[in-house]
Amino acid sequence: MQLNDPDLFRQAALINGDWISRDDMPVINPATAAPMGHMPDCTADETTAAIAAAEEAIVAWKAKTHLERADLLMAWYDLMLEHADDLAMILTCEQGKPLAEAKGEILYGASFVRWFAEEGRRINGHIIPSPVAGKKIFAMKEPVGVCAIITPWNFPNAMITRKVAPGLAAGCTMVIKPSDFTPYSALALGVLAERAGIPKGVLNILTGRPEVIGATLTASPMVRKLSFTGSTRVGALLAEQCAPTLKKMSLELGGNAPFIVFDDADLDAAVEGAMASKFRNGGQTCVCANRILVQSGIYDAFVAALAARVDALKVAAGTEEGAMIGPMINAAALDKINAHVADAMSKGATKATAERELAAGFADPVVLVGATIEMRLASEETFGPVAPIFKFETEEEALAIANGTPFGLAAYFYTTDMARAFRVGEALQAGLVGLNTGAVSHAEAPFGGVKSSGLGREGAQEGIEEYLETKALHFGGI
Ligand code: SIN
């Protein structure tokens with residue numbers, strides 16, 4: 001891994017401004033299956049020390065003005081842009097996504113820091129007229145306190161900034177636990193936070209296995225909020241663990257996004273949107289189209305156009321020139337993808353895409369026609385480059401299939417009929433709906449799900465509220 005600034009590659013945890021270096025666990029480059037480095041497996045005592053450091057640091061951090069915190073966040077943002085190439089290289093080597101896409105993630109991640117630096121200056125309370133003469137009620141916003149942040153491997157940079165930036169802007173301090181598959185992007189952000197002047201203890205980063213660190217974070221009464229992105233199973237477990245200390249929680253969990261193409265859709269736009277939504281990060285996002293529902297009149301044309309685009313995808317190591325789909329994160333992920341394809345084919349699906357030879361660790365990007373709701377890929381998130389196409393006849397039928405899952409993160413649909421646009425937009429049970437677009441992720445827009453896809457919203461104005469409490473201050477004797 002060639003970096004312009006090798007100091008950004010840290011194989012150490014960050015606790016109260018100290019870098020704790022140990023080679024307890026390897027971190028594997030998914031493109032080569034070889035270790036790219038090591039990291040400490042932080043203990044319960046180290047987790048407790050990080051929480052204590054965050055608790056101590058919050059006193060001075062929340063006493064800073066909103067403008068002072070915004071300036072520090074903007075300094076952090078500037079450093080992210082300055083070092084975007086190195087951050088992208090670290091990200092590609094630990095996560096696998098193509099370098100150009102990794103650079104896109106760095107810019108996406110940085111956009112949350114800028115947005116919340118700006119938004120943090122507009123944390124306003126309000127004054128409420130009292131029902132009693134001579135009194136006034138002030139509703140004041142205060143930081144929640146020490147926050148635990150647990151992030152996934154699929155966006156090792158942006159899922160951290162989307163949680164940490166609003167928290168820091170609000171005056172909270174952080175204990176971050178990045179995925180043990182992808183710790184180095186988080187640690188590089190820690191280096192840049194130090195350089196930006198964010199004081200020690202405000203941002204702590206623990207590496208290692210999730211069980212001990214997660215259990216210590218959730219059990220601690222000092223931790224007042226937990227924000228997690230990951231599976232619904234683990235989200236529910238964390239909610240259980242947080243219950244005795246009643247923490248505020250944000251949970252961004254699994255999805256099973258429908259992508260509906262109506263007969264009246266613009267075909268080219270729908271294919272473009274499906275490519276963007278389905279194949280971003282090799283299909284490894286919570287908002288990726290998981291079920292592509294196509295109305296019978298446009299079905300054949302859509303399948304032919306999509307299959308031609310998928311056949312043209314270059315599958316290669318993320319550092320290779322022109323790579324479009326990198327390796328999958330690990331063998332378990334690959335096994336699940338292959339099992340979904342095998343199950344679908346055993347139940348009658350066929351491939352509309354050409355066969356290709358692939359190196360170990362890579363998944364075959366496929367379009368599967370003849371998908372039905374009996375197949376595993378209809379009810380489970382595949383998290384890979386598999387595009388199953390379901391045929392439908394009516395709008396009612398499409399909505400019944402689309403909404404017929406416990407999940408409700410993203411949903412997409414393509415139509416040129418304005419009445420249908422409103423009808424379907426309202427009827428889809430999802431926190432994010434893309435109408436004639438396959439992209440629903442921006443710092444400015446609220447991100448989050450309904451039903452089993454989670455609680456709370458990230459990004460947007462809503463994102464900072466998740467890190468705030470409202471205090472009612474009653475003034476008498478006026
Ligand atoms: C995710 O997959 O969890 C996040 C995707 C995004 O931010 O677009």
Side-chain angles (χ1 to χ4, degrees), residues 91 95-98 101-116 149-166 176-179 181-182 185-186 189 226-235 238 249-259 273-290 325-326 328-329 333 336-337 380-386 407-412 430-434 437-460 462-463 466:
L91 201 160
Q95 198 275 334
K97 68 180 66 172
E101 205 175 333
K103 181 87 177 278
E105 181 181 337
I106 302 306
L107 301 182
Y108 175 50
S111 75
F112 290 105
V113 180
R114 179 175 179 179
W115 170 263
F116 284 113
I149 303 294
I150 305 183
T151 55
W153 51 263
N154 61 344
F155 287 85
N157 176 292
M159 293 308 99
I160 290 185
T161 56
R162 185 154 81 188
K163 296 173 190 304
V164 168
I176 304 165
K177 162 68 183 80
S179 163
F181 297 118
T182 56
S185 293
L189 286 173
L226 181 132
S227 178
F228 168 72
T229 294
S231 71
T232 298
R233 184 187 66 78
V234 174
L238 289 170
M249 294 194 85
S250 302
L251 298 172
E252 202 262 275
L253 308 177
N256 185 351
F259 186 104
M275 291 302 294
S277 162
K278 177 67 253 184
F279 294 100
R280 177 171 172 231
N281 196 15
Q284 303 172 107
T285 89
C286 302
V287 291
C288 273
N290 201 54
I325 306 273
M328 298 296 102
I329 188 69
K336 182 178 183 191
I337 294 163
E380 295 173 33
E381 206 175 12
T382 304
F383 237 62
V386 178
F407 300 99
L409 185 56
Y412 308 83
L432 307 159
V433 177
T437 176
V440 291
S441 307
H442 305 286
E444 295 77 0
F447 189 106
V450 298
K451 304 199 286 188
S452 294
S453 290
L455 301 173
R457 292 294 177 270
E458 298 190 313
E462 285 86 345
E466 304 273 339

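All values below were derived from every heavy atom in this structure, side-chain atoms included, with hydrogens, water molecules and symmetry-related copies excluded. Atoms within each ligand, like the ligands themselves, are counted from 1 in listed order.
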Given side chains that start at C-beta, do those of F155 and K97 come closer than 4.5 Å, heavy atoms only?
yes
Report, as yes or no, whether the 6.0 Å neighbourhood of atom CZ on R280 holds more than 12 heavy atoms from other residues, nucleotides or ligands.
yes
Hits for side chain to side chain donor-acceptor pair (under 3.5 Å) against K278, two or more places apart or cross-chain, chain-then-number order -> none
Identify, chain by chain and in numerical order, each protein residue with a heavy atom under 4.0 Å from an atom of ligand 1.
Y108, N154, F155, M159, R162, T229, E252, R280, T285, C286, V287, S441, F447
Does the salt bridge (charged side-chain N to carboxylate O under 4.0 Å, His left out) test come out yes or no for K163 and E458, once each step is laid out?
CA-CA 7 Å; K163 296 173 190 304; E458 298 190 313; 2.7 Å; yes
Quick one, E466 and P166 - any side-chain contact, counting heavy atoms below 4.5 Å?
no
Hey, does C288 have a side-chain heavy atom less than 4.5 Å from the side chain of E381?
no
